[in-house]
Amino acid sequence: MNKPSTLRRILTTDIPVVFIIMLAMGPFVWMILTSLTPTAQLSASGVSLSPAGWSMDNYIRLLEQTSFLGNMLDSLIIAAGTVVLGLAVSVTAAYALSRFRFPGRKLVMLQFLLVNMFPIVLLILPLFILMRKIGLLDTHLALILANSTVAIPFAVWMLRSYIGAIPRSLDEAAMIDGCSRLQALRRVVLPLAMPGIISTGIYIFITAWNEYLYALTLGGRNVRPVTVAIQTLIGEYQIEWGLLAAGGVVGALPATLLFLLVQRRLIGGLTQGAVKG
Amino acid sequence: MSTLAPSAPHDLTQVRPLRSRLMPYALLAPAVLVTLFIVFFPMVQAVVTSFYDLVLWKPNASRFVGFGNYIKLLHDPVFWTSLGHTAIWIGLTVPLQMGLGLVAALLLNREFPWRGLARALVIIPWALPSVVIALMWRWIYDPTTGVLNDILLYLSIIHSTVPWLADPHLALYAVIATLTWQGFPFFAVMILAGLQGIPQSQYEAASIDGASTWRQFVHITLPGIAPVLATAGLLRIIWVANSMDVIFVMTGGGPGYATHTLPLYAFIKARQNLDFGYGTAIAVTFTILLGAIVAVYIVRTMREVER
């Protein structure tokens, strides 16, 4: 096989890839440009394409005049809480599913897979009634629990495959050396599975951070995560696109950065199996 | 009867049978219990609620109506409209995402100097919150100041501004375009992983035999990524069918009922009319309809897991 010339490569590969990347990035870049254009200019002459017309005006207004930082804190508490709850109960479950063969194992795995497929709308209505009944409505805990409906099944499946990749002989060796099952899990399996646990945790964080419908339905007044808060930035009489775009950029930033950080390892895990998009 | 699979003869179960036999259940208990409480219990509740006439702001008027809500559903024109939209919604979005994802994956699988960067950047839409995506596209589609109209006017493709989201004939397709944009990176990434699993030697052998690029694509690439396409496609059908946050923020189901899909209809009924009985009846019906696809996916995945 002869290597294609550089020019040919640029024409058949680089340029089409640039188009795909522009398609993927374009709307987000447009939003960043919008957020950098001051509102007055936005309504007069549209989005400013040159740095000369840019200012941090919208961002300053976002931080000074709205409760956006507080909303970020709400999102942070909820997302971190979901990570902690999701991982805490899933690690042992995933270990059990990967190391033991016991009656009911298939049923349990099926259950976790099935849960991931449930329409959110089927859960959101009864969860609202449930949370109202036990007085959790509009609390962080309500949203942590709601997000866990997605996070736990996801984490169990991801961690099962990560732990499954660690040779059994390692925990058996530890047990022969006098460790109990749980000690073997804690001292041998957990450290080895740590990269997998971290990327699963980050994925849970991202999905919980980005979640909108639960936040809208179960939160709202006291607890208002960024995804809900962004919507309230829409002005009363006229949509404030500049401010809205600034909120969108800031709100999307934590998840996007985390995602870029772990994307390579995550994708390996995601492509192996059952995951919600 | 032994509870041990023959594959684990060295398990210490033989030493301490009972404790070890209970061990997996103890390890599973927290996850299973939490899931029962936050998923299965509410789900049963949902099915029960769907047999009641329950409007949240008049809880005392709640009464059992049997299949009443379901019968009402069959005579509800909005239900049938929403069902039709759901079919269009899935039928267009998933193939479009898959097609665009395939093109992106094939390109990103080629060799060029900035491949790593390109692969990272293409996933960005996937990581963005749905609300941000929805608002971003509302801004792009905006009839007076939106950039899409500007571009299309400049290119003389249209001659007057188009109200993308306000036109009942266009709104659904405009939202589908947004969802296609949001979801194609998922396919690209999955397909890319599949492509990397195809041995290079197959292509070399084919090109020695004089097979054209197209024939290589049809006879090597497509069969090679078929399992990935099937899995990703099924997952995506389920996900797209369920997803309503983008539509909800972009159009709220409007104009009129032009962008109602089934889950959105259920959500709006419950949220705006607080008609939880009827809303959950719609949600349950939708879940049953979706169940067929979920079943196919689950059978496939369980088979793969148990290999």
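Chain A is the first sequence line, chain B the second, and so forth, proteins listed ahead of strands; every chain is numbered from 1. No experiment lies behind these values; they were computed from the predicted model shown.
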Considering only heavy atoms from C-beta outward, does the side chain of [X] approach that of [Y] to under 4.5 Å?
X	Y	answer
B:Trp126	A:Ile206	no
A:Trp241	B:Arg138	yes
B:Leu264	A:Val121	no
B:Leu28	A:Arg105	no
A:Lys133	B:Gln45	yes
A:Phe128	B:Pro42	no
A:Pro27	B:Trp137	yes
A:Leu216	B:Arg271	yes

**OP:** In sequence, state the C-alpha distance, the side-chain angles, and the governing distance for A:Met31 and B:Val132, and then conclude on side-chain contact (heavy atoms from CB on, under 4.5 Å).
**Re:** CA-CA 9 Å; A:Met31 191 170 69; B:Val132 174; 3.4 Å; yes

So what's closer than 4.5 Å to chain A heavy atoms on [X]: side chain, backbone, both or neither?
X	answer
B:Pro185	neither
B:Val284	both
B:Ile238	side chain
B:Leu107	both
B:Leu121	both
B:Asp142	side chain

Out of [options], which one racks up the most heavy-atom pairs below 4.5 Å with chain A?
options	answer
B:Phe248, B:Trp181, B:Phe41	B:Trp181
B:Val122, B:Val34, B:Val147	B:Val147
B:Pro113, B:Gly183, B:Gly194	B:Pro113
B:Ala26, B:Ser50, B:Pro125, B:Ala295	B:Pro125
B:Leu135, B:Thr49, B:Leu100	B:Leu135
B:Val249, B:Leu290, B:Leu106	B:Val249

At a 4.5 Å cut-off on heavy atoms, which part of [X] comes close to chain B: side chain, backbone, both, or neither?
X	value
A:Leu258	neither
A:Val91	neither
A:Leu244	side chain
A:Leu122	both
A:Phe19	neither
A:Ser148	both
A:Tyr95	side chain
A:Leu130	side chain
A:Leu23	both

**OP:** Begin from the C-alpha positions of A:Trp157 and B:Thr301 and carry the test side-chain contact (heavy atoms from CB on, under 4.5 Å) through to its verdict.
**Re:** CA-CA 11 Å; A:Trp157 272 84; B:Thr301 312; 4.2 Å; yes

Pairwise distance [atom1]([X]) to [atom2]([Y]) - rounded to 0.5 angstrom:
X	Y	atom1	atom2	value
B:Leu27	A:Arg181	CG	CZ	8.5 Å
A:Lys106	B:Met302	NZ	CE	5.5 Å
A:Phe118	B:Phe40	CZ	CZ	5.0 Å

Original post:
Which heavy atom of B:Tyr25 sits nearest a heavy atom of A:Pro103, and at what distance?
Top reply: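 Residues B:Tyr25 and A:Pro103, closest heavy atoms: OH-O, 2.6 Å.
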
**OP:** Measure across B:Phe276 and A:Leu125 and return the closest heavy-atom pair with its distance rounded to 0.1 Å.
**Re:**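 Minimum heavy-atom separation between B:Phe276 and A:Leu125: CE2-O, 3.5 Å.
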
Subject >> Of A:Val89, A:Val108, A:Val156, the residue whose pairing with B:Val32 passes side chain to side chain contact (heavy atoms under 4.5 Å, CB included) >> reply: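 Exactly one pass, corresponding to A:Val108.
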
Original post:
Can you list the steps and then say if A:Arg9 with B:Phe112 is a side-chain contact (heavy atoms from CB on, under 4.5 Å)?
Top reply: CA-CA 8 Å; A:Arg9 195 206 72 213; B:Phe112 54 98; 3.9 Å; yes

**OP:** Go through B:Leu128 and A:Asn210 one step at a time and tell me if the side-chain contact (heavy atoms from CB on, under 4.5 Å) criterion holds.
**Re:** CA-CA 7 Å; B:Leu128 296 177; A:Asn210 288 350; 5.9 Å; no

**OP:** Would you check if there is a donor-acceptor pair between the side chains of A:Thr34 and B:Trp139 at a distance under 3.5 Å?
**Re:**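 There is such a pair between these side chains.
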
**OP:** Count the heavy atoms of every other residue, nucleotide or ligand shown that sit under 6.0 Å from OH of B:Tyr52, and state whether that count exceeds 12.
**Re:**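 Incorrect, the count does not exceed 12.
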
